[in-house]
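The structure appears below as structure tokens.
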Amino acid sequence: MSRIARDSFSSKFGVIAAAAGSAIGLGNIWKFPYITGVHGGAAFLFVYLGFILAIGLPIMLSELVIGRKSRRNSFGSFKKLVPKGLWKYVGVLGLGAAFFILSFYGVVAGWSVRYIFFAFTDAFKGSSAEITDFFNAFKTHPEKPLLYQLIFMLATGSVVVLGVNKGIEKVSKVLMPVLLILILILDVRAITLDGASEGLSFLFKPDFSKLSFEAILEALGHAFFSLSLGMGTLITYGSYINKKNDLVKTAIQVTVADTVVALLAGIAIIPAVFAFGLEPSAGPGLIFETLPNVFQTMAGGTFFSILFFLLLSIAALTSAISILEVVVAYFTEELKVKRKVATILATLLTTLLGVICSLSLGIYSDVTIFGKNFFELLEFISSNILLPLGGMLIALFIGWGLGKYKVFKEIAQGGKLDGRFLAIFMFLVKFLAPIAIFIVFLYGLGVFK
Ligand code: PHE
């Protein structure tokens with residue numbers, strides 16, 4: 001029987017760049033600063049950091065173990081490791097989440113690409129209200145956002161079609177350092193503005209009286225989204241990792257990178273917002289409404305706004321690549337189609353779904369299901385239902401399904417076994433993570449409202 005060698009990452013830096021590229025995305029730069037702003041700053045941040053450590057990190061390691069042990073896509077991996085029973089359907093959930101997330105992700109990423117060009121021509125100028133109207137007119141327009149969504153999705157597909165090593169790894173190795181440089185430049189600009197210190201203390205001095213139950217649960221949900229957990233992204237990437245790599249180290253490095261970039265994004269945005277006397281609590285519009293207002297007043301604003309939207313687009317691209325790869329790996333391995341066919345099909349389907357998302361903000365905004373338009377519905381189902389559910393099942397699979405010795409054996413390959421670490425890890429995946437996620441899940445469904 002002839003066997004085609006499975007594509008894989010070729011270097012440790014490549015693994016980190018690709019996995020951190022997946023984790024660092026719109027979640028860090030668009031969502032993290034605004035939810036921190038809405039939930040009152042530092043106290044929220046500390047809770048988020050606690051969840052990252054106690055739940056995010058162990059589930060990330062779990063996904064990497066499942067992927068590398070099975071060397072399969074997110075569906076095939078469960079099927080291979082435990083063929084009997086219902087575990088393999090965890091992968092199906094993940095595929096659903098991938099389709100949904102990529103479709104609305106492509107829309108927001110498309111806005112970001114458009115804003116690079118708007119920044120070049122200084123298009124967003126005027127009063128706060130004018131800038132908000134400008135954004136609303138753009139995002140609700142029937143065709144204009146579609147063009148940029150399409151450009152973004154084509155870019156995503158063109159990288160994925162080249163494969164893991166020649167496409168994903170190569171591109172991530174270039175883009176991740178660029179991203180880091182861009183964000184550092186923006187950080188230096190933000191903290192040297194007069195009046196920046198108020199923003200820094202908002203970000204780092206906790207006031208726990210501001211912390212609501214809702215904020216705590218939002219922090220947990222965001223830990224999932226931000227680390228790309230719960231839908232098999234890191235199972236898929238894990239399946240391309242060499243047996244010589246230390247999985248524990250990889251999980252730690254990716255988690256640290258994601259968290260540091262979220263903090264750097266907060267530092268780049270929140271002090272600037274305060275320095276110009278604006279509020280950080282604008283919500284989802286913080287980036288497209290409040291920030292352009294900051295840029296138009298700041299010295300060198302045009303230059304920095306171009307850099308900012310470039311940064312946002314790059315971050316979105318490496319994340320979108322990882323979501324598309326989940327679907328493409330499934331199509332090639334389970335449906336046995338060529339990578340090219342799989343990529344075209346997956347890009348086409350998610351783009352079409354994305355078109356409906358985009359139109360649902362404008363001409364179809366009166367079509368609602370459970371009071372949500374299509375964009376909001378997909379975001380809700382994926383972030384609040386599919387990711388937490390997937391994450392909980394992944395933790396349970398490692399904690400109870402696969403068997404402790406198989407888990408330890410996989411971790412030992414390329415790494416060392418530390419008894420205390422393993423005991424804590426098993427406690428977290430067996431009990432703490434599933435229980436905590438179950439609570440978020442109920443919250444996502446609105447049980448506590
Ligand atoms: N982690 C990405 C971000 O922060 C989003 C993402 C979610 C990517 C799930 C892959 C899987 O934007």
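Since this is a predicted model, take the numbers as computed values, not measurements. Whatever order the structure lists ligands and atoms in, that order sets their numbers, starting from 1. The figures that follow rest on heavy atoms only: side chains count, while hydrogens, waters and symmetry mates do not.
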message: Could you measure the distance from the OG atom of Ser103 to the CG atom of Leu349? Nearest 0.5 Å is fine.
response: 10.5 Å
query: Hey, looking at atom 2 (C) of ligand 1, which of Ser22, Gly21, Ala316 has the closest heavy atom?
result: Ser22
Do the side chain of [X] and the main chain of [Y] share a donor and acceptor less than 3.5 angstrom apart?
{"X": "Asn165", "Y": "Phe9", "value": "no"}
{"X": "Arg71", "Y": "Ile241", "value": "yes"}
{"X": "Glu334", "Y": "Phe75", "value": "no"}

- prompt: Between Ile323 and ligand 1, is there a nitrogen or oxygen pair with a distance under 3.5 Å?
  reply: no
field: Leu387 N/O under 3.5 Å from ligand 1 N/O
entry: no
Nearest to [atom], what protein heavy atom do you find, and at what distance?
{"atom": "atom 8 (C) of ligand 1", "value": "Ser228 OG, 3.2 Å"}
{"atom": "atom 7 (C) of ligand 1", "value": "Phe225 O, 3.4 Å"}
{"atom": "atom 4 (O) of ligand 1", "value": "Ala23 O, 3.0 Å"}
{"atom": "atom 11 (C) of ligand 1", "value": "Thr233 OG1, 3.3 Å"}

- prompt: Does Tyr105 approach ligand 1 within less than 4.0 angstrom via side chain, backbone, both or neither, non-hydrogen atoms only?
  reply: side chain
message: Side chain, backbone, both or neither: which applies to Met231 and ligand 1 if a contact is any heavy-atom pair less than 4.0 Å apart?
response: side chain
- prompt: Have Arg6 and Ser239 got a donor and an acceptor in their side chains that come within less than 3.5 Å?
  reply: yes
message: Hydrogens and angles aside, do Asp258 and Ser226 bring a side-chain donor and acceptor to less than 3.5 Å of each other?
response: yes
- line: Atoms of ligand 1 under 4.0 Å from any heavy atom of Ser226, numbered from 1 in the order shown, are 1 (N), 4 (O)
Contacting atoms of ligand 1, where contact means under 4.0 angstrom from a heavy atom of Asn28: 4 (O)
- request: Hey, can you tell me if Tyr240 and Tyr237 have their rings parallel, tilted or perpendicular (30° and 60° cut-offs)?
  value: tilted
query: Going by the angle between their ring planes, with limits at 30° and 60°, are Phe308 and Phe295 parallel, tilted or perpendicular?
result: tilted
- prompt: Taking the non-hydrogen atoms of Phe224, is any one of them nearer than 4.0 angstrom to ligand 1?
  reply: no
